[in-house]
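Keep in mind that the numbers below use all heavy atoms, side chains included, and drop hydrogens, waters and symmetry copies. Numbered from 1 within each chain, the chains take letters A, B, ... in sequence-line order. Everything numeric here is computed off the predicted structure, so don't read it as measured data.
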Amino acid sequence: MRTSEMLLPTLKEDPVDTVVISHKLMLRAGMIRQLASGLYTWLPLGLRVLKKVERIIREEMDRAGAQEVLMPGVQPAELWQESGRWSQFGPELLRLKDRHERDFCLGPTHEEVITDIVRREVSSYKQLPLNLYQMQTKFRDEVRPRFGVMRSREFIMKDAYSFDSNEDGLRKSYQAMYEAYCRIFDRFGLDYRAVLADSGAIGGSGSQEFHVLADSGEDEIVFSDGSGYAANIEKAECIASGNRNDPDEQMRKVETPTQKTIEALVNDFGIDIQKTVKTLIVRASDLCKADFIALILRGDHTLNEVKAENHPMVASPLTFATESEIEAVMGAGPGSLGPVNCPIPLVTDRQAAMCSDFGAGANENGWHYFGINWDRDCAAPKTADLRNAAEGDPAPDGSGSYLIRRGIEVGHVFQLGKKYSLAMDATVLDENGKQSVLFMGCYGIGVTRIVAAAIEQRHDDRGICWPRSLSPFDICIVPIGGNKNPAVDVEAVRIQNELQDRGLEVLLDDRNLGPGSRFADMDLIGIPIRIVVSPKTLEESEVELKHRTQDIVIRVPLSDILDNVITLE
RNA sequence: CGGGGUAUAGCGCAGCCUGGUAGCGCAUCUGCUUUGGGAGCAGAGGGUCGUUGGUUCGAAUCCAGCUGCCCCGACCA
């Protein structure tokens with residue numbers, strides 16, 4: 001490929017209205033252009049990268065025994081009504097009517113369609129296990145698309161769905177997908193982690209996410225420095241450390257007219273933040289007699305909303321009490337709440353339950369108690385894991401302590417179980433000739449998002465630094481001084497042909513621009529290896545070779561380019 | 001869906017306050033020169049100033065509605 005013939009609209013200046021690096025660099029490198037909010041056109045350079053991602057995924061999915069299918073993007077409402085999601089999904093499900101006024105939606109995911117095809121076409125356990133996957137455009141009418149293709153409305157997903165006749169089979173299918181995912185992400189050449197995840201709204205039990213590590217990631221992931229334990233912060237278990245000390249102090253009531261926050265309490269009274277607790281009031285579930293329930297956390301900890309919502313006594317979705325509801329129920333405002341004389345049920349975080357001689361609100365405006373001790377001053381707490389993990393916390397398997405990094409979620413594997421198969425009556429006959437409901441797994445990879453995530457992880461101040469496996473080209477050639485010595489251009493083309501004949505993808509930058517412009521563009525679009533041909537090097541029958549991420553330039557003989565290109569990888 | 005911006009040439013912006021028919025840089029086109037880190041000179045083309053309505057002799061400029069896009073929050077792969 002020659003740059004002079006390619007649509008490669010690179011930008012010298014930073015586009016405005018971009019907040020993450022990948023969005024900025026994808027626009028500057030001429031990979032994408034925005035059509036409307038959350039909708040992007042992939043230009044030739046970007047599409048080449050996208051196809052690299054797709055190809056690796058296809059190869060590994062096929063290797064793992066999955067079979068590719070292609071499903072409609074527009075789906076009939078009936079299927080969604082059957083699974084119950086027509087009403088569960090909010091406005092992010094884009095609904096439309098055809099000319100006959102029949103309801104359809106743009107598929108945000110394809111569980112219903114795949115379950116429908118399998119229930120129609122598979123009738124015996126002998127046809128299982130089965131794993132079908134698709135790679136295609138999906139649409140979610142995101143409330144707020146942002147960050148370029150990182151969170152767009154239309155995006156490409158690879159989704160695989162496994163079908164087994166029993167739970168054991170599901171576990172095997174899941175494990176096979178997990179391993180395929182590890183191979184896929186290894187091949188991308190990105191630094192990633194597989195972490196335990198909350199299964200969220202999609203439902204199901206076992207679930208792991210794959211995250212590409214990047215400081216700009218939207219998720220916090222937690223992992224042990226002493227073992228392989230890794231989890232999304234939503235899921236990362238927090239165990240109690242240490243023991244509860246016996247009381248040293250008497251409980252005393254202290255006037256705190258202006259201290260409405262833990263910070264103020266700590267600053268104004270000089271007490272240890274680990275000797276304070278905070279009290280949050282949320283709506284209780286039907287299991288609870290009261291309308292509200294109090295959640296207690298140590299002062300320096302933060303509430304994990306997913307854990308709280310999953311607690312049986314807490315209403316889902318998690319709903320915080322309003323200030324007036326708090327006043328009505330507790331008899332005091334949010335700055336003065338605590339476990340002593342608390343009129344509603346309490347659930348205490350494991351670590352907060354380890355506190356002794358601690359301070360908390362008195363449930364009376366303007367007053368706190370100090371020197372509180374569980375059992376003695378208020379009822380022994382019902383405990384639960386309610387808080388977000390913090391760096392340095394002990395890992396639950398006792399292996400070490402937690403580190404926290406940021407990640408971009410690019411893959412998710414689920415054991416769905418019978419959620420859809422039961423709702424949609426997807427069954428087969430088992431060995432005993434009885435109808436048995438299928439066990440499903442689903443396995444997604446955000447294909448378009450991978451491209452952005454790769455850039456987030458691999459860039460420098462000059463542009464993108466593609467890993468070899470994702471780069472739009474393997475090598476670029478920049479001829480310089482062809483006007484002084486026509487042999488330069490001849491030789492550049494010859495080298496291009498030679499390398500292409502050996503199966504490499506080569507970009508020849510033959511544009512009539514100064515060397516500086518072309519070097520800058522080649523750095524920007526991130527081709528891993530650059531060959532410079534010039535009269536100077538040609539006199540000695542050599543070219544220059546440079547790796548995108550290394551500052552050194554090496555001279556290699558014309559006869560020896562291929563070997564050197566390979567060793568530079 | 002709440003809150004806040006913003007809309008003028010392909011891109012980035014000025015002009016608006018104080019109304020008089022649009023300008024700068026980059027990019028593009030032509031010619032000549034130029035080729036080791038985003039070249040020089042000379043010339044040229046390109047905008048119903050988001051849209052609709054109002055005020056006015058006259059609106060990019062003042063007023064109102066609508067729309068797009070962006071940011072912050074709640075939501076998500």
Checklist line | Verdict with supporting geometry, A:E92 and A:R140, salt bridge (charged side-chain N to carboxylate O under 4.0 Å, His left out) | finding: CA-CA 5 Å; A:E92 73 181 28; A:R140 293 187 193 172; 5.2 Å; no
Item checked: C1'-based separation of B:G23 from B:U67 [nearest Å] -> 27 Å
Item checked: Spacing of the P atoms in B:A22 and B:C32 (rounded, Å) -> 34 Å
Checklist line | P-based separation of B:C16 from B:C63 [nearest Å] | finding: 14 Å
Next item on the list: Ignoring hydrogens and angles, tell me if any N or O in the side chain of A:R95 forms a donor-acceptor pair with the backbone of A:W86 under 3.5 Å.
Entry: yes
Checklist line | Atom-to-atom span, OH of A:Y181 to P of B:A77 - whole angstrom | finding: 13 Å
Next item on the list: Specify the residue among A:D523 and A:G38 whose closest nucleotide of RNA chain B lies further upstream toward the 5′ end.
Entry: A:D523
Checklist line | Short N-O contact, A:K158 and A:E54, less than 4.0 angstrom | finding: no
Checklist line | Between C1' of B:A77 and CD of A:E218, the distance in whole Å | finding: 10 Å
Notebook entry, point to check: Are A:Y178 and A:Y181 an aromatic pair by the rule of ring centers under 6.0 Å?
Noted result: no
Margin query: Has A:K278 got a side-chain atom pairing as donor or acceptor with A:H301's backbone, closer than 3.5 angstrom?
Written below: yes
Next item on the list: Pick the C1' atom in B:A44 and in B:A9, then give their distance to the nearest Å.
Entry: 15 Å
Check: Please give, in whole Å, the distance from B:C69 P to A:Q34 CD?
Finding: 7 Å
Check: Side-chain N or O of A:S37 less than 4.0 angstrom from OP1 or OP2 on B:G68?
Finding: no
Check: Using 4.0 Å as the upper bound for N to carboxylate O, is an ion pair formed by A:D191 and A:R193?
Finding: yes
Margin query: Any strand counts, and the cut-off is 3.5 Å on both contacts for Watson-Crick or G-U wobble. Which nucleotide pairs with B:C62?
Written below: B:G54
Check: Expressed as a whole number of Å, how far does the P atom of B:U51 sit from that of B:A7?
Finding: 13 Å
Next item on the list: Spell out yes or no: do the side chain of A:R530 and the base of B:G37 have one donor N/O and one acceptor N/O closer than 3.5 Å?
Entry: yes
Check: With no hydrogens and no angle check, is any side-chain donor or acceptor of A:S162 less than 3.5 Å from a backbone partner on A:G441?
Finding: yes
Under 3.5 Å, N/O pairs linking protein and nucleotides 23-29 of chain B:
none

Check: Between A:E142 (CD) and B:A77 (P), how many Å, whole number?
Finding: 8 Å
Next item on the list: Compare side-chain N and O positions of A:T18 against OP1 and OP2 of B:C70 and report whether any pair is under 4.0 Å apart.
Entry: no
Next item on the list: In whole angstrom, give the distance that lies between atom CD1 of A:I480 and atom C1' of B:U34.
Entry: 14 Å
Check: Do we count A:F519 as stacking onto B:G36 if the rule is ring centres under 5.5 Å and planes under 30°?
Finding: no
Check: Is there a donor N/O on one and an acceptor N/O on the other, under 3.5 Å, for the side chain of A:R511 and the base of B:G38?
Finding: no
Next item on the list: Please state whether the base of B:G12 and the side chain of A:D14 form at least one donor-acceptor pair under 3.5 Å?
Entry: no
Note to self: Between A:S471 and A:D474 (side chain of the first, backbone of the second, donor and acceptor by atom type, cut-off under 3.5 Å), is there such a pair?
What the structure shows: no
Next item on the list: Searching all strands shown, indicate the nucleotide that pairs with B:C11 (Watson-Crick or G-U wobble; both distances under 3.5 Å).
Entry: B:G25
Checklist line | Along RNA chain B (nearest heavy atom to each residue), the more 5'-positioned of A:V553 and A:F155 | finding: A:V553
Checklist line | Integer angstrom distance from the P of B:G10 to that of B:A27 | finding: 16 Å
Note to self: Using Watson-Crick or G-U wobble geometry with both distances under 3.5 Å, which nucleotide pairs with B:A74?
What the structure shows: none
Notebook entry, point to check: To the nearest angstrom, how far is A:N512 atom CG from B:U34 atom C1'?
Noted result: 10 Å
Next item on the list: Could you check which nucleotide pairs with B:G46 in any of the strands shown, counting Watson-Crick or G-U wobble with both distances under 3.5 Å?
Entry: none
Notebook entry, point to check: What is the base-pairing partner of B:A39, counting Watson-Crick and G-U wobble geometry with both distances under 3.5 Å?
Noted result: B:U33
Checklist line | For atom CG of A:D17 and atom C1' of B:C72, their distance in whole Å | finding: 14 Å
Check: For A:I408 and B:C76, what is the distance between atoms CD1 and P respectively, to the nearest whole Å?
Finding: 19 Å
Margin query: If you compare every side-chain N and O of A:R144 against the phosphate oxygens of B:C71 (OP1, OP2), does one of them come in below 4.0 Å?
Written below: yes
Checklist line | Donor-acceptor contact present, side-chain A:D460 to main-chain A:G463, <3.5 Å | finding: yes
